[in-house]
Number of protein chains: 2
Amino acid sequence: MARRSDHAPEELKRLALDAARAIAAEEGLRGITVRRVAERIGYAPGTIYNLFANLDDLIVHLNGMTLDALADALRAAADAPVETRAAQLVDAYFDFVERWPMLWSLLFEHRLPEGVDLPDWYRPKLAALIALVAEALAPLMPDLASDERRATTATMWAGLHGISTLAVSSKLALVVEAEPRRLGHLLVARMLGG
Amino acid sequence: MARRSDHAPEELKRLALDAARAIAAEEGLRGITVRRVAERIGYAPGTIYNLFANLDDLIVHLNGMTLDALADALRAAADAPVETRAAQLVDAYFDFVERWPMLWSLLFEHRLPEGVDLPDWYRPKLAALIALVAEALAPLMPDLASDERRATTATMWAGLHGISTLAVSSKLALVVEAEPRRLGHLLVARMLGG
DNA sequence: TATCAAATTGAACAACGTTCAATTAAAGCG
DNA sequence: CGCTTTAATTGAACGTTGTTCAATTTGATA
């Protein structure tokens, strides 16, 4: 059987990614297999390889979608009044992580095989995310050189990331009883000079 | 063939873990397979299951060793003079991550299947690590309630973790040109109130 | 209507984690 | 020393995985 063309190639890609996302959201990285994704969209395993180079490629694309979704989730908070903006960004970040813990985990849990690095289109997505936050927080760091502003933003971003990673893998609770969100607010408050 | 007893069971466990560590240090999580570990120590795959419940169990044990090694690496810095202690802890942390990037990654990259959680002996290892840092830094946070001290320590720890994770997976460099270590120092300085 | 091109398949392969009956060597005993 | 018991070790086997690719079938083209 061949050339069903039930769906245009781009449409089919979307279907596959949606299927993968559904699996990932429920079971995490371990649940994503080529055969299961294919089965969910009613195609044979081989078809996946017409759409993506391999399973890693599919997962990287899924992570790209998640990055976009995270950017969307942060955008509203980035426009909040300056006084509450930082806190709202932190809350928006943790809201996202708590709503999609598995998808968010996948963002960092998945690693390409040695020697393979992230595709070129991935970098701008990440950069856009950071730029969003950097611009939103710039007014809150008026006395810093742009170099230091970037470093501060990156540190906060990495810090939130660390808190969330440990929380999601339930390693934070082993060590402290505080809510991840509270640590996030603490971090940002101190970083912005409190 | 059976009952070779070339090695006592504990000795054999050590051999298997050393083999797994060597593989992990070179190739990361993806390189660790039961068959390869078994081959490296000159035993059949089935033997691994006499020593560990399964591959996940073996990896958790390997991670336990890494936690111990990290604690050792931090201990010297924890005894440094109070003035430079925080900075030395940060340096010791990044020294460790840079020396064993793959082993350090494995600590967080590996996740148990859903429903399985970390064994009981794992928690004290993590707790010991945090306690080490918390006690070392306590003199630097004299004006904080013990509750806030714990939160601050956990935040710094998670922050360093986040910076390192992103650095090791080369996602930090996509976003900022600064050295991870520099961000670490920035984080700790601000968290300790400067 | 015949031809072409592209999409889709599914069998095949190697490698994986895991299980377990069979085997063998060491230990215990008379 | 020989016999029995016990426990360590094996390796074949099973089901599943990612990936490849020749074969096939359909939609479009001429």
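These numbers were taken from a predicted model, which means no experiment stands behind them. In the text below, chain A, chain B and the rest are named by the order of the sequence lines, each starting its count at 1.
- Backbone-only engagement by B:L12 is indicated by non-hydrogen atom pairs under 4.0 Å involving sugar-phosphate atoms exclusively.
- Backbone-only contact: B:I32 has heavy atoms under 4.0 Å from sugar-phosphate atoms and none from a base.
- Between the side chain of A:R30 and the main chain of B:E114, no donor-acceptor pair closer than 3.5 Å is present.
- Spacing between atom CG of A:D57 and atom P of D:dT20 amounts to 12 Å, rounded to whole angstrom units.
- The distance from atom CD1 of A:I41 to atom P of C:dT9 is 9 Å, rounded to the nearest whole Å.
- Comparing A:N50 and A:V34, the nucleotide of DNA chain D nearest to each residue sits closer to the 5' end for A:V34.
- Distance alone, capped at 3.5 Å, is enough to place a donor-acceptor pair between the A:R36 side chain and the A:G31 backbone.
- Distances from the side chain of A:Y49 to the nucleotides C:dA12, D:dT10, D:dT20 place D:dT20 closest.
- Under a cut-off of 6.0 angstrom, the local environment of CD in B:E98 is crowded, with over 12 non-hydrogen atoms contributed by other residues, nucleotides or ligands.
- Across all strands, B:T33 comes closer than 4.0 Å only to sugar-phosphate atoms, never to a base (heavy-atom distances).
- Atom pair A:E39:CD and C:dG10:C1' shows a separation of 15 Å (rounding to whole Å applied).
- One can place CZ of A:R36 at 8 Å from P of D:dT17, the figure rounded to the nearest angstrom.
- Inspection of the B:T155 and A:R190 side chains reveals no N or O donor paired with an N or O acceptor under 3.5 Å.
- A:H110 places its NE2 atom 12 Å from the C1' atom of D:dG18, with the value rounded to the nearest Å.
- Closest to the side chain of A:R35, out of D:dT17, C:dC16, D:dT10, is D:dT17.
- As a whole-Å value, the separation of A:N54 CG from C:dA14 C1' is 17 Å.
- Atom CZ of B:R85 has more than 12 heavy atoms from other residues, nucleotides or ligands within 6.0 Å.
- Here A:T47 does not reach the OP1 or OP2 of C:dT8: none of its side-chain N or O atoms lies under 4.0 Å away.
- Note: CZ (A:F52) to P (C:dA7) measures 15 Å, nearest angstrom.
- For the pair A:L55 CG and D:dT17 P, the interatomic distance rounds to 11 Å; values are reported in whole Å.
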